[in-house]
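What you see is a predicted model, and the numbers here were worked out from it, not measured in a lab. A note on names: the letters A, B, ... follow the listed sequences, proteins ahead of strands, and every chain is numbered from 1.
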Number of protein chains: 2
Amino acid sequence: MNIGQAAAASGVSAKMIRYYESIGLIPAADRTDAGYRTYASKDVHTLRFVRRARDLGFSVEEMAELVALWNDRDRASADVKAVALRHIADLDHKARELQAMSETLKHLAESCHGDDRPDCPIIDSLASAETFPAPKRAKTVAFFRRHPGSPIHPAQGRVR
Amino acid sequence: MNIGQAAAASGVSAKMIRYYESIGLIPAADRTDAGYRTYASKDVHTLRFVRRARDLGFSVEEMAELVALWNDRDRASADVKAVALRHIADLDHKARELQAMSETLKHLAESCHGDDRPDCPIIDSLASAETFPAPKRAKTVAFFRRHPGSPIHPAQGRVR
DNA sequence: GATGGGGCTTCCAATCATGGGAAGGTCAAG
DNA sequence: CTTGACCTTCCCATGATTGGAAGCCCCATC
C-alpha cells in the first residue's frame with residue numbers, strides 16, 4: 001500500500017503522515033527500491049489510532065504519549081487515564097473561556113438595537129472598558145485542533 | 001509616551017503594538033527625531049479598544065472591522081451587531097466541539113479503572129474505532145485566541 | 001565628558017498542525 | 001514508449017504571539 005492509499009484508509013492526509021513520520025510520532029515506513037513508502041494494515045491501524053486521538057483534540061505530544069502507552073503491554077491504565085483527564089481539563093477550560101466570551105457578547109448584542117442608528121452598546125463597551133470582564137490571562141496549556149479527515153483547513157488562533 | 005508606556009497603559013505588549021501597526025490594524029504612530037514611536041492618550045484609547053476586542057476572541061480581521069465601525073460616526077449598529085453575532089456563532093461552535101470531545105473522553109475515562117493493569121477502554125476505543133463518534137469535519141471558521149495581556153504564551157492549534 | 005543600563009529600533013526565528021505548490025522521479029495502463 | 005496519476009523532497013504560508021540578536025538612543029551618575 002502506498003501513502004495515498006494509507007491516507008484514504010486511515011483518514012490522515014498523506015502530508016500529515018509524512019509529517020508525523022518526520023517528527024517521530026509514527027515509525028518510519030518501509031520503502032520500495034524507488035523510495036516509495038509502503039504501508040501494511042498494521043501501519044494503517046496505527047494511523048487510525050492517531051487520527052482518532054487527533055479527533056479528540058489531543059496534541060501531537062499527547063498522541064505520542066498515547067501511542068507509547070498503546071504499544072506498552074505493561075502499561076498501567078492509570079497512566080492512560082491521567083493523560084485523558086489532563087486533556088479533559090484542558091478542553092473544559094478552553095470551552096469555558098469560549099463560553100465566557102460568547103456570553104459577554106450575547107449580553108451586549110441583546111441590548112444592541114441593530115438598526116440604522118450608530119448607537120451600539122457593543123462598540124461602547126469595547127471603547128469604554130469599566131464594566132469589562134477582567135480577562136484572566138490564564139496560562140492556557142492545551143491547544144485546539146482543526147477538523148480531522150481531509151476537508152481540513154488550517155485553523156488557528158490564540159486562546160487567550 | 002513611548003511604546004513601553006503605551007503598552008503598560010493599554011495592556012497590549014509593545015511587540016503586538018508594533019505588529020498591529022505593521023499590518024495596518026492601527027495607524028502608524030508618530031515618531032520622534034530618533035525614530036521612537038510616541039503615543040497620545042487617544043492612541044492608548046484605541047489600543048485598549050483593540051485589547052478588549054481581542055479579549056473577546058475577535059480575530060485581527062474582525063478587530064479591523066470593529067475599529068472601522070467605531071471610527072465611523074455614520075455606522076449602523078446593525079453592522080456591529082452582525083459582526084458580534086457571527087463571532088458568537090463561531091465561539092459557540094468551537095465551544096461545542098470542545099465539549100463534544102470532552103464528553104466523549106469523560107465517558108471513556110469513567111469506565112477506565114485507572115489502576116496498575118493495562119486494560120483501558122480509552123486506549124481500546126482509540127485502537128478499535130467502531131463506536132467512535134464520527135467527527136464532523138466542519139469548516140471551522142473562526143479561531144481561538146491566546147491570552148491577552150503580557151503573560152501570554154503562543155498557543156495554537158487546529159480546531160478540527 | 002565618559003560610561004552604563006534600560007528602552008527603543010528592526011529583523012529573523014519559533015510556535016502548532018496543516019495545506020499548497022514546485023521540481024522531478026516512478027509506475028501502470030494504453 | 002507516452003501519458004497521467006502518484007510518489008518524493010523542499011520550501012512557503014497560515015494566525016497571533018513571543019523571543020532574541022544587533023545596534024542606536026537617552027538619561028543619570030561618576
Looking at residues at least two apart in the chain, or sitting in another chain, which of them share a salt bridge (charged side-chain N to carboxylate O under 4.0 Å, His left out) with Arg31(A)?
->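 Arg31(A): salt bridge (charged side-chain N to carboxylate O under 4.0 Å, His left out) contacts with Glu21(A).
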
Using salt bridge (charged side-chain N to carboxylate O under 4.0 Å, His left out) as the criterion, list what pairs up with Asp30(B), not counting sequence neighbours.
->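 Testing Asp30(B) for salt bridge (charged side-chain N to carboxylate O under 4.0 Å, His left out), a comparison that skips the adjacent residues, returns none.
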
Selection from [options] that lies nearest to any side-chain heavy atom of [X]:
X	options	answer
Met16(A)	dC8(C), dT8(D), dT18(C)	dT18(C)
Arg31(B)	dT9(C), dT18(C), dC8(C)	dT9(C)
Arg37(A)	dT8(D), dT18(D), dT10(C)	dT8(D)
Arg18(A)	dC8(C), dT17(D), dT9(D)	dT9(D)
Ser13(A)	dG19(C), dT10(C), dT17(D)	dG19(C)

Distances for protein N or O near nucleotides 22-30 of chain C N or O, under 3.5 Å:
| unit_1 | atom_1 | unit_2 | atom_2 | d |
| --- | --- | --- | --- | --- |
| dG25(C) | N2 | Tyr36(A) | OH | 2.6 |
| dT26(C) | O4' | Tyr36(A) | OH | 3.2 |
| dT26(C) | O2 | Tyr36(A) | OH | 3.4 |

[X] has an atom [atom1]; how far is it from atom [atom2] of [N], in whole Å?
X	N	atom1	atom2	answer
Ile17(A)	dC6(D)	CD1	P	15 Å
Ile23(B)	dT14(D)	CD1	C1'	13 Å
Gln5(B)	dC26(D)	CD	C1'	13 Å
Glu21(B)	dT17(D)	CD	C1'	17 Å
Met1(A)	dC6(D)	CE	P	15 Å
Ile3(A)	dT9(D)	CD1	C1'	12 Å

Among residues two or more places apart or on two chains, list those pairs meeting salt bridge (Lys or Arg N to Asp or Glu O under 4.0 Å) that have a residue in residues 101-113 of chain A.
->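 Sorted pair list: Lys106(A)-Asp92(B).
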
Pair listing, salt bridge (Lys or Arg N to Asp or Glu O under 4.0 Å) test, anchored in residues 72-89 of chain B, at least two apart |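 Applying salt bridge (Lys or Arg N to Asp or Glu O under 4.0 Å) to every pair that reaches into residues 72-89 of chain B, excluding sequence neighbours, yields Glu62(B)-Arg86(B), Glu65(B)-Arg86(B).
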
Which pairs count as ring-ring contact (aromatic ring centres under 6.0 Å, His included) when at least one residue sits in residues 63-86 of chain A, sequence neighbours excluded?
->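 Non-adjacent pairs meeting ring-ring contact (aromatic ring centres under 6.0 Å, His included): His45(A)-Trp70(A), Phe49(A)-Trp70(A).
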
Is there a donor-acceptor pair under 3.5 Å between the side chain of Arg48(A) and the backbone N or O of Ala9(A)?
->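 Confirmed, Arg48(A) side chain pairs with Ala9(A) backbone.
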
Tyr19(B) side-chain N/O to dT18(D) phosphate OP1/OP2 under 4.0 Å |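 For dT18(D), OP1/OP2 do not have a side-chain N/O of Tyr19(B) under 4.0 Å.
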
So, is Arg51(A) near the phosphate of dT18(C), with a side-chain N or O under 4.0 Å from OP1 or OP2?
->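 For Arg51(A), the contact criterion (side-chain N or O under 4.0 Å from OP1 or OP2 of dT18(C)) is not met.
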
CG of Asp115(A): more than 12 outside heavy atoms within 6.0 angstrom?
->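 Enclosed.
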
